[in-house]
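Notes follow the structure.
Just so you know, these numbers use all the heavy atoms, side chains as well, and skip hydrogens, waters and symmetry mates. These figures come from a predicted structure and were not determined experimentally. Below, chains carry the letters A, B, ... as their sequence lines are ordered, and counting in each starts from 1.
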Amino acid sequence: MNFSNQLISWYLQNKRNLPWRSTINPYKIWLSEIILQQTRVDQGTEYYYKFIENFPTVNDLALASEEQILKLWQGLGYYSRARNLHFSAKYIMNELYGEFPKTYNELIKLKGVGDYTASAVASICFNKATAVVDGNVYRVLARYFGIHTPTNTTKGIKEFKQLAQQLLDTKNSGTHNQAIMEFGALMCKPKNPICSNCPLNDSCVALSEKRVNELPVKENKIKIKKRYFNYIVIETEDNNTKIVKREKGIWKNLYEFPLIETESLIDEKQLIEQQEFNTLFKTGNITVKLFNDSVVIHKLSHQHIYTKFWIVKTQILTDYTVHWKTVKKYPVSTLIHNFLNQYKTNYFF
DNA sequence: GACACGTGGGG
DNA sequence: TCCCCAAGTGT
């Protein structure tokens, strides 16, 4: 048996029973692929169920509001996926008259759909001969063929894509693609791969050279930046607070309390001296209290956010105020969500 | 080409 | 604790 046949044979006997494996509906496959980008199956599965339940068709998704979609996406991260999902659903309904794209070249025109997702949907739903290359594929191919080219370089991307395409069983593209990914996820794992029980262990270059744990090779290391957030959590006498929509960067289009970002940690005295703080409260009579005695460190893949939540009691405000009861309806970051769970014991998403 | 973009699990 | 990394894409 060749490489592909061995993988497919293994796959048919060992694959997990996942909800998107029982359909070739392109909307559902597309949705599952977007959810699973850079996301573990265990983490994404509940979101897949929620989205299918709330938006059974691409039309339902197109008709929803972005806020509704972001609220459902809350906690999953990489929120541009949700925004692009919505944008592309509207594009499919309005520009393509509801007809889902069927080829790699048409699929990749969708926002949020790149080489991987276009290849996956085209092969799984329409049996097109397009090979997927994701993290699993890089790992399986790098090890099996002993390839040391860094995967996150132009040269590596090109080389692995070409090899994957060459190995593709073009009669069973969808099954082949899912087989190699599932094999990478369950057998050829990043740590502690199950080489002793691997169906390919008699022909794996990395195993024969005892270099399994050296592959795949990746270049670069991102530098972690530190940021200092001061959230101004307002309590008015009529039980309102203030929230605003983030307009760019991280958590774009999610809501948060008025934010004062500083160069370093600040105390109450320094907070009150901030220009932005004073413009929030034109009239006097406010009380300020730090909610978290120890700074909250929210860790993201490339930045650590040192956060202080300042509770400010005041009389009445007018702009951007919402009643505390309605705060839970807004999509927020996990940082804000965690705060709300501590601060308002009646807050549930 | 380099960097931004989240969150959570595992070793 | 810290670091890797997970069905990547957009700018």
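Comparing atom distances between the A:Tyr79 side chain and each of B:dC5, C:dA7, B:dG6 picks out B:dG6 as nearest. Proximity note for A:Pro190 (side chain, C-beta onward) versus C:dA6, B:dT7, C:dA7: the nearest is C:dA6. Side-chain proximity of A:Gln43 to the nucleotides C:dA7, B:dG8, B:dC5 is greatest for B:dG8. Proximity note for A:Leu300 (side chain, C-beta onward) versus C:dG8, B:dT7, C:dA7: the nearest is B:dT7. For A:Lys225, the listed nucleotide lying nearest its side chain is B:dA4; candidates were C:dA7, C:dG10, B:dA4. Proximity note for A:Lys191 (side chain, C-beta onward) versus B:dT7, B:dA4, B:dG11: the nearest is B:dG11. Looking at the side chain of A:Ser301, the nearest of the listed nucleotides B:dC5, C:dG8, C:dA7 is B:dC5.
Between the P atoms of B:dG11 and C:dA7, the separation comes to 15 Å (whole Å). Nucleotides C:dC5 and B:dG6 place their C1' atoms 13 Å apart, quoted to the nearest Å.
Atom OH of A:Tyr104 is separated from atom C1' of C:dT9 by 12 Å (rounded to the nearest Å). Per the geometry, NZ belonging to A:Lys161 stands 12 Å off C1' belonging to C:dG8, to the nearest Å. Distance, A:Tyr116 OH to C:dA6 P: 13 Å, rounded to whole Å. Counting to the nearest Å, the P atom of C:dT11 and the CZ atom of A:Arg81 are 16 Å from each other. Distance A:Ile34 CD1 to B:dG6 P: 15 Å, rounded to the nearest Å. Atom pair A:Leu36:CG and C:dT9:C1' shows a separation of 15 Å (rounding to whole Å applied). Rounded to a whole Å, the OH atom of A:Tyr11 is 14 Å from the P atom of C:dA7. Taking atom OH on A:Tyr78 and atom P on C:dG10, their separation rounds to 13 Å, with Å as the unit.
Residue A:Leu76 is in base contact, counting any heavy-atom pair closer than 4.0 Å across all strands shown. Note on A:Trp30: nothing from the nucleic acid sits closer than 4.0 angstrom, heavy atoms only. Using a 4.0 Å heavy-atom distance criterion, A:Lys111 is classed as a sugar-phosphate-only contact. Across all strands, A:Thr153 comes closer than 4.0 Å to no nucleic acid atom at all (heavy-atom distances). Within 4.0 Å (heavy atoms only), A:Arg83 reaches no atom of the nucleic acid at all. Residue-level contact check: A:Gly75 touches the backbone only, with heavy atoms under 4.0 Å from sugar-phosphate atoms and none from bases. A:Val132 comes within 4.0 angstrom of no nucleic acid atom, judged by non-hydrogen atoms across all strands. Residue contacts for A:Asp42: at a heavy-atom cut-off of 4.0 Å it reaches no nucleic acid atom on any strand shown. Counting non-hydrogen atoms under 4.0 angstrom, A:Ile250 reaches the backbone sugars and phosphates but no base. Across all strands, A:Gly184 comes closer than 4.0 Å to no nucleic acid atom at all (heavy-atom distances).
Considering only side-chain N and O atoms, A:Trp73 lies nowhere under 4.0 angstrom from the phosphate OP1 or OP2 of B:dT7. Between A:Thr334 and B:dT7 there is a side-chain N or O to OP1 or OP2 distance below 4.0 Å. Applying the 4.0 Å criterion to OP1 and OP2 of B:dG6, one finds that A:Gln303 has every side-chain N and O outside that range. Taking 4.0 angstrom as the limit, A:His302 places a side-chain polar atom (N or O) nearer than this to OP1 or OP2 of B:dC5. One finds no side-chain N or O of A:Gln38 lying less than 4.0 angstrom from the OP1 or OP2 phosphate oxygen of C:dA6. Contact annotation: A:Arg139 reaches the phosphate of C:dA6 (side-chain N/O to OP1 or OP2, under 4.0 Å). Distances shown here put every side-chain N or O of A:Ser333 at or beyond 4.0 Å from the OP1 or OP2 atom of B:dG6. Distances shown here put every side-chain N or O of A:His337 at or beyond 4.0 Å from the OP1 or OP2 atom of B:dT7.
A donor-acceptor contact under 3.5 angstrom links the side chains of A:Gln74 and A:Lys71, judged on distance only.
With sequence neighbours left out, the salt bridge (Lys or Arg N to Asp or Glu O under 4.0 Å) criterion links A:Lys28 to no other residue.
Across the interface with DNA chain C, nearest-nucleotide mapping of A:Gly114 and A:Lys218 shows A:Lys218 to be the residue nearer the 5′ end. Along DNA chain B, the nucleotide nearest A:Lys189 and the nucleotide nearest A:Arg40 are compared for position; the residue whose nucleotide lies closer to the 5' end is A:Arg40. Comparing A:Asn84 and A:Arg21, the nucleotide of DNA chain C nearest to each residue sits closer to the 5' end for A:Arg21. In terms of position on DNA chain B, the residue among A:Asn152 and A:Thr39 whose nearest nucleotide sits closer to the 5' end is A:Asn152.
Here the CG atom belonging to A:Leu290 is positioned 10.0 Å from the CD1 atom belonging to A:Ile266, to the nearest 0.5 angstrom.
Ion pairing between a basic and an acidic side chain is recognised when a charged N comes within 4.0 Å of a carboxylate O; A:Glu235 and A:Lys344 show such pairing. Under the 4.0 Å criterion applied to side-chain N and carboxylate O atoms, A:Lys50 and A:Glu46 are not assigned as salt-bridge partners.
Checking A:Glu66, A:Glu67, A:Lys245, A:Lys248 one by one against A:Asn253, the side-chain hydrogen bond (donor to acceptor under 3.5 Å, both in side chains) holds for a single residue, A:Glu66.
No continuous path of hydrophobic side-chain contacts links A:Tyr231 to A:Tyr306 [ILVMFWY only; heavy atoms under 4.5 Å].
The aromatic rings of A:Trp251 and A:Phe229 sit perpendicular to each other, their planes meeting at more than 60°, with 30° as the lower class boundary.
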